[in-house]
There are 2 protein chains.
Amino acid sequence: MSQQRTGHEAGITGRVGAVTPSAVLGSQPDFPDLPEATVARLPEYLRALHHLAETGHDTVSSEGLALAAGVNSAKLRKDLSHLGSYGTRGVGYDIEPLVGQIEYILGLNKRRAVALVGVGNLGHALAGYAGFASRGFRIAALFDADLTRVGELINGIAVRHIGDIPEVVKSEAISIAVLATPAGAAQAVADQLVAAGVTSILNFAPVVLNLPEQVDVRKVDLAVELQILSFHEHRKSARGAEQAKAVARGAELAKAVARGAVNGSPAATLGEVAA
Amino acid sequence: MSQQRTGHEAGITGRVGAVTPSAVLGSQPDFPDLPEATVARLPEYLRALHHLAETGHDTVSSEGLALAAGVNSAKLRKDLSHLGSYGTRGVGYDIEPLVGQIEYILGLNKRRAVALVGVGNLGHALAGYAGFASRGFRIAALFDADLTRVGELINGIAVRHIGDIPEVVKSEAISIAVLATPAGAAQAVADQLVAAGVTSILNFAPVVLNLPEQVDVRKVDLAVELQILSFHEHRKSARGAEQAKAVARGAELAKAVARGAVNGSPAATLGEVAA
DNA sequence: GTATGTGAAATGATTCACAGCG
DNA sequence: CGCTGTGAATCATTTCACATAC
């Protein structure tokens with residue numbers, strides 16, 4: 001539980017970029033095949049490294065960086081080993097070149113233009129979210145279907161009508177879009193974005209999008225996150241009740257073990273009950 | 001890529017509720033041990049089932065539900081099999097009892113009270129997010145450190161000062177909190193929430209929280225999501241370039257194979273280059 | 001006949017534990 | 001001597017494929 005869950009967790013598997021010509025010839029040193037799980041952690045390492053750099057550090061041990069990023073050090077070392085070697089044995093990692101390498105891998109050298117569709121409640125907040133700007137992205141366009149919102153300025157950007165998507169996505173060379181529309185509109189808007197040339201979508205609408213293979217979709221569903229926590233709350237209270245009942249059962253179990261009526265090592269069994 | 005990524009993805013492992021007395025005696029039929037990966041998908045199944053019910057369905061096949069939830073049918077069947085049997089061979093699943101069972105497991109029978117801390121840009125939007133209310137949660141309290149915001153009404157709820165956390169969390173019996181504070185304040189606020197009795201936190205601040213074992217933390221970092229997409233964009237363009245170069249190399253490779261200078265089955269190797 | 005439920009196999013991710021480098 | 005980098009072992013998850021029940 002100390003190892004914090006980070007948005008998308010289960011279900012993904014596999015190595016990024018499997019069968020391509022470079023698989024035949026060995027992957028490029030400047031663009032290694034990374035396990036998807038590793039990719040998902042790199043941004044967290046990057047954030048931690050920036051923080052360390054700001055607080056005056058030049059190097060950091062795997063132990064130290066792991067602590068700052070909320071993972072264990074073995075995992076961190078394995079992850080970083082996929083990027084090539086940026087550490088010095090007996091010392092640790094040089095922060096600056098490591099930051100550079102992670103930013104390069106994540107494609108953050110150039111600031112990426114992002115379109116945001118749906119400036120309702122949530123979309124409006126996302127349009128103003130400072131974290132996007134400070135961590136490599138530029139909101140290059142805002143869209144909404146509602147004509148009464150078109151023209152509104154948010155953070156200095158004018159909201160345009162979704163009919164302008166094809167034109168603007170092309171002229172601004174936008175490849176990433178954030179979808180914050182109502183659920184009912186999401187699929188149609190996503191189709192338009194993809195038709196216009198968008199190849200990655202961050203979807204906040206609570207629907208599963210049906211899109212071509214080559215489009216990357218990540219989904220953030222705020223209610224889902226709470227429901228997962230709710231499960232754990234439910235479990236904690238159920239276990240609490242269990243535990244209480246188990247205390248009573250403990251005596252029974254001990255007697256049963258003594259009679260040899262329960263399988264397994266009596267010591268281990270009792271140990272577990274006690275724990 | 002068709003299999004959509006859902007927030008938290010990698011890093012978590014293990015079965016929920018491992019060593020407890022009930023592990024010795026076998027887990028309770030009404031509260032099975034579920035793989036964490038399964039738990040993370042249940043909310044998605046639930047959403048899909050509600051949608052199906054609203055559109056007039058009584059039953060659904062594993063294939064149909066899997067499609068609606070964005071997973072494959074084998075995974076869906078395995079997941080549902082952990083809940084006990086709610087399907088009929090040759091027919092499919094009865095939607096109504098299945099909805100009931102998933103809601104029960106997720107602890108959504110009773111509407112859970114949630115506290116939200118930090119009513120800035122993002123927090124304000126979250127406080128108004130209709131999805132929380134419609135999917136099992138009630139925002140029971142809003143807090144902020146900024147005294148000029150205290151008293152402000154958002155969606156009919158007054159913002160209170162974070163100093164009131166202990167009192168309100170107790171009186172409202174709140175166990176889940178949403179953290180939407182600036183990064184710098186998050187750890188201190190989280191400590192206060194936990195001290196007041198909160199045992200699950202959904203953290204939107206870009207920091208790793210350090211909290212006791214028994215507190216569940218999920219993290220949603222919006223910039224991280226975009227950075228993961230950015231990686232895939234970077235990879236796609238790198239592969240594009242690779243592919244172009246590989247076409248040129250193709251001729252070379254074919255010659256090399258003909259000369260017997262490359263290992264492996266020539267047919268397979270050429271097949272991969274062609275693909 | 002048809003679609004679920006599930007062992008078994010395959011794949012992927014994490015952790016261990018230590019060789020080897022600085 | 002300390003800490004990285006990494007094979008080997010373990011653990012979790014996904015997928016396959018089919019017996020089973022309706």
Side-chain angles (χ1 to χ4, degrees), chain A residues 2-6 8-19 32-42 44-45 58-67 69-95 97-98 101, chain B residues 2-6 8-19 32-42 45 57-67 69-95 97-98 101:
Chain A
S2 222
Q3 199 116 323
Q4 245 147 87
R5 281 97 216 208
T6 319
H8 308 219
E9 215 145 57
I12 288 318
T13 240
R15 206 155 277 249
V16 164
V19 180
D33 278 359
L34 298 180
E36 191 64 49
T38 296
V39 172
R41 284 187 294 263
L42 290 180
E44 209 56 49
Y45 300 157
D58 289 348
T59 66
V60 64
S61 68
S62 66
E63 198 65 54
L65 182 51
L67 190 71
V71 302
N72 68 47
S73 62
K75 199 187 281 182
L76 179 112
R77 286 201 302 279
K78 181 77 85 179
D79 283 341
L80 293 191
S81 76
H82 288 116
L83 310 188
S85 179
Y86 283 80
T88 311
R89 290 171 198 235
V91 180
Y93 298 92
D94 282 346
I95 290 178
L98 185 53
Q101 172 67 353
Chain B
S2 224
Q3 201 117 321
Q4 248 148 84
R5 280 100 218 208
T6 320
H8 309 219
E9 216 142 57
I12 288 317
T13 241
R15 207 154 274 251
V16 164
V19 181
D33 277 0
L34 298 180
E36 191 65 49
T38 296
V39 172
R41 283 187 295 264
L42 290 180
Y45 300 156
H57 297 75
D58 289 348
T59 65
V60 65
S61 68
S62 65
E63 198 66 54
L65 182 51
L67 191 72
V71 302
N72 68 47
S73 63
K75 198 187 282 182
L76 178 113
R77 286 201 302 278
K78 181 75 89 179
D79 282 341
L80 293 191
S81 76
H82 288 114
L83 311 188
S85 180
Y86 284 81
T88 311
R89 294 174 196 230
V91 179
Y93 298 91
D94 282 346
I95 291 177
L98 186 52
Q101 173 67 354

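Below, read A as the first sequence line, B as the second, and so on, with proteins coming before strands; counting in each chain starts at 1.
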K.L.:
Measuring to OP1 and OP2 of D:dC22, would you say a side-chain N or O of B:Thr88 lies under 4.0 angstrom away?
P.N.:
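False: B:Thr88 side-chain N/O out of range (4.0 Å or more) of D:dC22 OP1/OP2.
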K.L.:
What's the separation between atom NE2 in B:His82 and atom CZ in B:Arg77, rounded to the nearest 0.5 Å?
P.N.:
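Answer rounded to 0.5 Å: 13.5 Å.
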K.L.:
Report yes if a side-chain nitrogen or oxygen of B:Asn72 is closer than 4.0 Å to either non-bridging phosphate oxygen (OP1 or OP2) of D:dT15; otherwise report no.
P.N.:
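True: B:Asn72 side-chain N/O within range (under 4.0 Å) of D:dT15 OP1/OP2.
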K.L.:
For the atom pair OG (B:Ser61) and CG (B:Leu67), what is the distance rounded to the nearest 0.5 Å?
P.N.:
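Those atoms lie 9.0 Å apart.
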K.L.:
Output the single nucleotide from C:dT4, C:dA19, C:dT6 whose closest atom is nearest the side chain of B:Arg89.
P.N.:
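My answer, after comparing the listed nucleotides, is C:dT4.
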K.L.:
Report yes if at least one side-chain N or O of B:Arg41 is closer than 4.0 Å to OP1 or OP2 of D:dT14; otherwise report no.
P.N.:
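For D:dT14, OP1/OP2 do have a side-chain N/O of B:Arg41 under 4.0 Å.
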K.L.:
What pair of heavy atoms forms the shortest contact from A:Ala66 to A:Asn72, and how long is it?
P.N.:
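Where A:Ala66 meets A:Asn72 most closely, the heavy atoms are CB-C, 3.7 Å.
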K.L.:
Could you tell me whether the phosphate oxygens of D:dC3, OP1 or OP2, come under 4.0 Å of any side-chain nitrogen or oxygen in A:Tyr86?
P.N.:
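So the side-chain polar atoms of A:Tyr86 never come under 4.0 Å of the phosphate oxygens OP1 or OP2 of D:dC3.
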K.L.:
At what angle, to 10 degrees, do the two end axes of the helix from C:dG1-D:dC22 to C:dG22-D:dC1 meet, given five pairs define each axis?
P.N.:
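The two end axes of the helix from C:dG1-D:dC22 to C:dG22-D:dC1 meet at 10°.
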K.L.:
Take atom CG of B:Leu76 and atom P of D:dT15, then tell me their distance rounded to the nearest Å.
P.N.:
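The answer, rounded to whole Å, is 12 Å.
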K.L.:
Any idea which heavy atoms bring B:Gln101 and B:Leu83 closest together, and the distance?
P.N.:
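In terms of heavy atoms, the two residues are closest at NE2-O, 3.2 Å.
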K.L.:
Any idea which heavy atoms bring A:Glu44 and A:Ala69 closest together, and the distance?
P.N.:
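Answer, listing the atom of A:Glu44 first, then A:Ala69: CG-O, 3.8 Å.
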K.L.:
Return the value, rounded to whole Å, for the distance between atom OH of B:Tyr93 and atom C1' of C:dA3.
P.N.:
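Atom OH in B:Tyr93 sits about 9 Å away from atom C1' in C:dA3.
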K.L.:
Please tell me which of A:Ala74 and A:Gly90 maps to the more 5' nucleotide of DNA chain C, matching each residue to the nucleotide holding its nearest heavy atom.
P.N.:
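Final value for this comparison: A:Ala74.
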K.L.:
Whole Å only: how far is the CG atom of B:Leu34 from the P atom of D:dT14?
P.N.:
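Going from B:Leu34 (CG) to D:dT14 (P), I get 13 Å.
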K.L.:
Are OP1 or OP2 of D:dC3 and a side-chain N or O of A:Ser62 less than 4.0 angstrom apart?
P.N.:
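No, A:Ser62 has no side-chain N/O under 4.0 Å of OP1/OP2 on D:dC3.
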K.L.:
If you pin A:Arg77 and B:Val91 to their nearest nucleotides in DNA chain D, which one's is more 5'?
P.N.:
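Mapping each residue to its closest nucleotide by heavy atoms, the 5'-most match is A:Arg77.
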K.L.:
Considering residues at least two apart in sequence or located in another chain, which fulfil the side chain to side chain donor-acceptor pair (under 3.5 Å) criterion with B:Tyr93?
P.N.:
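None.
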K.L.:
Closest approach to the side chain of A:Lys75, judged atom by atom: which nucleotide of C:dG7, C:dT4, C:dT14 is it?
P.N.:
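That would be C:dT14.
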K.L.:
For C:dA3, does OP1 or OP2 lie under 4.0 Å from any side-chain N or O of B:Ser61?
P.N.:
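Checking B:Ser61 against C:dA3: no side-chain N or O falls below 4.0 Å of OP1 or OP2.
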K.L.:
Taking the minimum atom-to-atom distance to the side chain of A:Lys78, which one of D:dT6, D:dT13, C:dA13 wins?
P.N.:
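That would be D:dT6.
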K.L.:
Counting side-chain heavy atoms from C-beta on, which of D:dT6, C:dG5, C:dT14 comes nearest to A:Ser81?
P.N.:
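The nucleotide sitting nearest to the side chain is D:dT6.
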K.L.:
Between B:Leu65 and B:Val60, which heavy-atom pair has the shortest distance, and what is it?
P.N.:
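B:Leu65 and B:Val60 have their closest heavy atoms at N-CG2, 3.5 Å.
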K.L.:
Just checking A:Ser85: base, sugar-phosphate only, or nothing, at a heavy-atom cut-off of under 4.0 Å?
P.N.:
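If one applies the 4.0 Å heavy-atom cut-off, A:Ser85 turns out to touch the sugar-phosphate alone, with no base involved.
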